[in-house]
Amino acid sequence: MSSGIFWPQISHDQGIKATQEILRRNPGGSLIFDWDERNWGSFRYAAERDAVVTMAIAQLHRWKTFFFWGDFRPELISEIRSRASSLEELLVDTSPSNSTTTQIITLGNGPPLSYLNLTDIALDWSTNRLAGLRTLRLGSIQLGPSAAQLQAILSSSPFLDTLSIENVGTADSSVVQSSPIHLQFLTTIYLYLVPAQFLLFLVGSVETPVCSSLRLDPIPLFPDSTRAISLASRIIQSTSQMEVRYNETTGVTRVKIGPDDSRVGLSGDPGANISFQNLRLDVALLKIVDIILAGGGDPEIHLRSLRPLTNVAPIQFVVQLKLNHVIDLSSSLIPFLEENIRQEWTGGHEFLQKLGLMVTRIGALTTAVPLKDIIPSKDDGPYAASIHALPNEVLIAILCMTFDAWNWRPEHSIALTRVCKRWHRLVMSTSAFWSHISSERSARIAQGTLQRNEGGPLIFNLDESYYTSQLATERAAVLRLALTQVHRWKALFFLGRYRESLFAAIGSGASALEELFVDLTKPADSGQVLHLSDGQLLRYLSLSGIGFEWSSSRLSGLYSLTLDTIRLGPSLAQFHSILSSSPLLRVLHLEYVKSGDSLPLSMSSIQLPLLTDIYLRFISDSLLSFLVSHIETSACTSLVTDEINLPLYSRALTLASYAIRSASYLEVRYNGSLETTRIETRPGPMVRRFSGGTGYPGAFIPVKGVRLDEVLLNIVDAFTCGKVDPTVLVHVSPSAELEDPTFVGAQVALKPFRELCLSLRAYLWGTLSREWLGEKAFIYELGEAMGKGVVLNPPGW
């Protein structure tokens, strides 16, 4: 309660008293300000809202994050330029202006931005604060960066993971020649309606091995335009099916992987959607085959060619060919494609006919559609209803994959019923399509769901975080309906205050429950715990603010365990029993969990071969010691812990060894005043909000009482058996006893680290054999021994 980091966010609609309380509890720390004008027309308390905004702007020098939706405000932009010296994350979405002058944000000096999202407003693209971005989203901007400025931004942002540019213009039409830009963390790329010079530069220069979501539309024809397909290499090599479609009328070739969803690339959904102007179908196919042979995978490729049946669109001839086992076919397919490319292009229909004859002649396991079977279609979808040959059970399983049961809405299932009579019959009679009851929807919808799902499992979502009298009445009716079927609940998500009647019903009747998520907005008393009667084993358990009957037999076989703000957690013996009986556990997330009993003398190790994510923060020393010393896993890719003392230090490093040796950037920070060393990978692990654990691989380990040179020696040993050549940044800050007021901190960058390992190991063995001389002497001696410069008082220290 006394730390400002727990009170960072100010929102325009939270009221004066709440804002004053936040500023009182956070008098000098960073702030997040959320300013959303989209719903202000219905806001009754305009004066109070304006007062909150005034208080927030008075603290503008402390803003770390600013989210703004609304009309352009020149006075606000001026204030940001002169006072927002701490800003690191900026989202501005202004309403389209009637003015012909493009509005521009200018930033003063300050730290580099890590997140930038602009819509309908430009930026001074020459600012030095665009180095180090992790997310860049630009939309509907008339005066965007030039290709040269975009090159500079990307080249200085090696940790960029999202690049989204849509409907952006530029005043500079010049084309830049760029050396390759390596973006090792870039997973999402969305380029739609952007200048041709942007596409030429980005497609020709950006290199990323991890892209999983890609949208490029449209790509103009240039000598190496097929390199755009190379950006989707990982997607192609990991998919089981893809489509390449050629339109003979427009000359557009489209490569598509994933569902028919325009949000591929925009929201990070996995898949690829790339369209080329005037690119031949055989050229695109040859590039795809090369990628498959280079990296593995063997997807099924659906080739399609569209041609108008008459002058009246959209009736079309559709010719399609399906290629299986492309790797086995490649020895004949590649020479055929190379020969065909040397010939004059006669169209997609003729090409697919020749390709079908070739694969039929060699007897490959390939399905070719004969020319006589070409049929007219009202759209460019599949020409034949071969899906109707599937058994009902298989078709139901496929259709269930089209939506997430947790986010189900009636419209999802109703849309499936409108495809054809068979789908209508299956969806209406199958309980799996009607399994979600939510307090966010009306009692009438809940009643209809129960009528269609008379005996199948149910998912119940009760969210009481928003309150109005009308919502409360409707929510109570939905709860009454759901409680009559508590014996069928397979999953429960509850967000709200403690409800005695609800938890009593769960305890006595929820025998089918496998997934339980309870988040109390106000922690329950220590005597209030959840009890479950005998029934199905729980697979996912996430509790916040409430205890549990930890001796329950239903805690065997967990896949994920998340406990947050638990006043009375399991004893160490109960933890041992729960974890030992859950060999398939993948996520262990404990935060503010109290378990105060002493450690029994005889405790066997806990083998968790699939455990990838471990998060242990603000827990008791005894619990931390027990977990770190007893858990055995070789799969851990993400580890976050409280401060580790010397006896547990080697065990913690063993758990984090995979995360450390696979990191490309590692920071080792030594604090002389606290005598602590912090090991942290970059980008660091990030906490999942819903199911616990960490969403990104990495390590965060504070160590107490271990010399800095010993920590570095252990890191050298970890990277000896790894394949990554990282940058290791060693920081020191001085202790209070250091009689040198000019020394305020220093750092040394060790790169390339693997080349330095032998000499660094010899040097560290030497320092360990003598008395510790202090952080200042060590950092200067380290820099001299490794031939690296020492930087005093590094920025952002």
Side-chain angles (χ1 to χ4, degrees), residues 259-261 381 385-466 470-496 499 501-503 505-506 508-518 532-533 535-540 690-691:
D260 290 317
D261 188 348
S386 56
I387 192 171
H388 291 310
L390 293 175
N392 287 343
E393 295 79 5
V394 177
L395 181 57
I396 290 171
I398 294 172
L399 296 181
C400 284
M401 296 177 186
T402 61
F403 60 87
D404 179 6
W406 277 103
N407 299 314
W408 177 86
R409 299 181 66 85
E411 294 85 353
H412 297 158
S413 296
I414 292 172
L416 295 176
T417 65
R418 294 172 176 170
V419 174
C420 64
K421 291 182 179 179
R422 185 189 181 202
W423 286 28
H424 183 278
R425 184 178 66 255
L426 286 177
V427 171
M428 296 300 289
S429 62
T430 303
S431 62
F433 296 102
W434 311 94
S435 62
H436 196 169
I437 299 175
S438 175
S439 63
E440 298 178 357
R441 292 180 282 277
S442 66
R444 180 181 59 82
I445 293 178
Q447 184 67 52
T449 300
L450 293 177
Q451 289 175 354
R452 293 186 174 93
N453 184 346
E454 296 181 350
L458 294 172
I459 296 172
F460 182 38
N461 180 1
L462 179 57
D463 186 349
E464 297 182 335
S465 57
Y466 297 98
Q470 181 179 359
L471 274 177
T473 303
E474 197 71 29
R475 190 181 293 149
V478 172
L479 178 59
R480 286 193 297 271
L481 285 171
L483 285 176
T484 63
Q485 307 296 323
V486 66
H487 60 285
R488 293 201 281 143
W489 291 2
K490 179 183 178 181
L492 167 67
F493 173 81
F494 174 75
L495 176 61
R499 273 183 171 269
S501 58
L502 172 64
F503 295 135
I506 294 171
S508 61
S511 58
L513 202 63
E514 297 182 6
E515 303 175 18
L516 178 59
F517 302 88
V518 176
L532 289 183
S533 59
Q536 294 285 343
L537 297 179
L538 291 177
R539 298 305 184 190
Y540 297 89
F690 185 65
S691 59

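Residues: numbered from 1 along the sequence shown. Because only heavy atoms are used, hydrogens play no part in the values below, and waters and symmetry mates are left out as well, while side chains stay in. Being a predicted model, the structure only gives us computed values, none of them experimental.
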Minimum heavy-atom separation for [X] and [Y], please, with both atom names.
{"X": "Asn392", "Y": "Arg422", "answer": "OD1-NH2, 2.7 Å"}
{"X": "Val427", "Y": "Trp434", "answer": "O-NE1, 2.8 Å"}
{"X": "Leu483", "Y": "Ala505", "answer": "CD2-CB, 3.8 Å"}
{"X": "Arg475", "Y": "Ser439", "answer": "CG-CB, 3.7 Å"}
{"X": "Arg441", "Y": "Val478", "answer": "O-CG2, 3.6 Å"}
{"X": "Ser431", "Y": "Asn453", "answer": "CB-OD1, 3.1 Å"}

Measure the spacing between [atom1] of [X] and [atom2] of [Y] and express it to the nearest 0.5 Å.
{"X": "Phe460", "Y": "Trp489", "atom1": "CZ", "atom2": "CH2", "result": "5.0 Å"}
{"X": "Lys490", "Y": "Leu516", "atom1": "NZ", "atom2": "CG", "result": "14.5 Å"}
{"X": "Ser429", "Y": "Arg452", "atom1": "OG", "atom2": "CZ", "result": "11.5 Å"}
{"X": "Gln447", "Y": "Leu481", "atom1": "CD", "atom2": "CG", "result": "5.0 Å"}
{"X": "Leu513", "Y": "Leu458", "atom1": "CG", "atom2": "CG", "result": "11.5 Å"}
{"X": "Ser508", "Y": "His487", "atom1": "OG", "atom2": "NE2", "result": "12.0 Å"}

All side chain to side chain donor-acceptor pair (under 3.5 Å) counterparts of [X], not counting sequence neighbours:
{"X": "Glu514", "result": "none"}
{"X": "Thr430", "result": "none"}
{"X": "Arg499", "result": "Glu464"}

Side chains of Phe433 and Leu399 in contact at under 4.5 Å (non-hydrogen atoms):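 Yes, at least one pair of side-chain atoms sits under 4.5 Å.
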
Do Glu440 and Asp463 touch side chain to side chain, with heavy atoms closer than 4.5 Å?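 Sidechains of Asp463 and Glu440: in contact.
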
Of Leu495, Ile437, Leu502, which is the lone residue that meets side chain to side chain contact (heavy atoms under 4.5 Å, CB included) with Leu462?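 Of Leu495, Ile437, Leu502, side chain to side chain contact (heavy atoms under 4.5 Å, CB included) with Leu462 is met by Leu502 alone.
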
Using the rule given for side-chain contact (heavy atoms from CB on, under 4.5 Å), can you reason through Leu538 versus Leu532, listing the C-alpha separation, both sets of side-chain angles and the distance that settles it, and then say yes or no? CA-CA 10 Å; Leu538 291 177; Leu532 289 183; 3.9 Å; yes

Heavy-atom donor-acceptor pair, Ser435 side chain to Pro457 backbone, under 3.5 Å: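 Between the backbone of Pro457 and the side chain of Ser435 there is no qualifying donor-acceptor contact (under 3.5 Å).
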
Would you say the side-chain atoms of Arg488 and Gln485 include a donor-acceptor pair closer than 3.5 Å?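 The answer is yes; a qualifying pair exists.
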
Aromatic ring pairing Phe494/Phe503, orientation class (parallel under 30°, perpendicular over 60°, tilted between):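 Taking Phe503 first and then Phe494, their aromatic rings stand perpendicular (interplane angle over 60°).
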
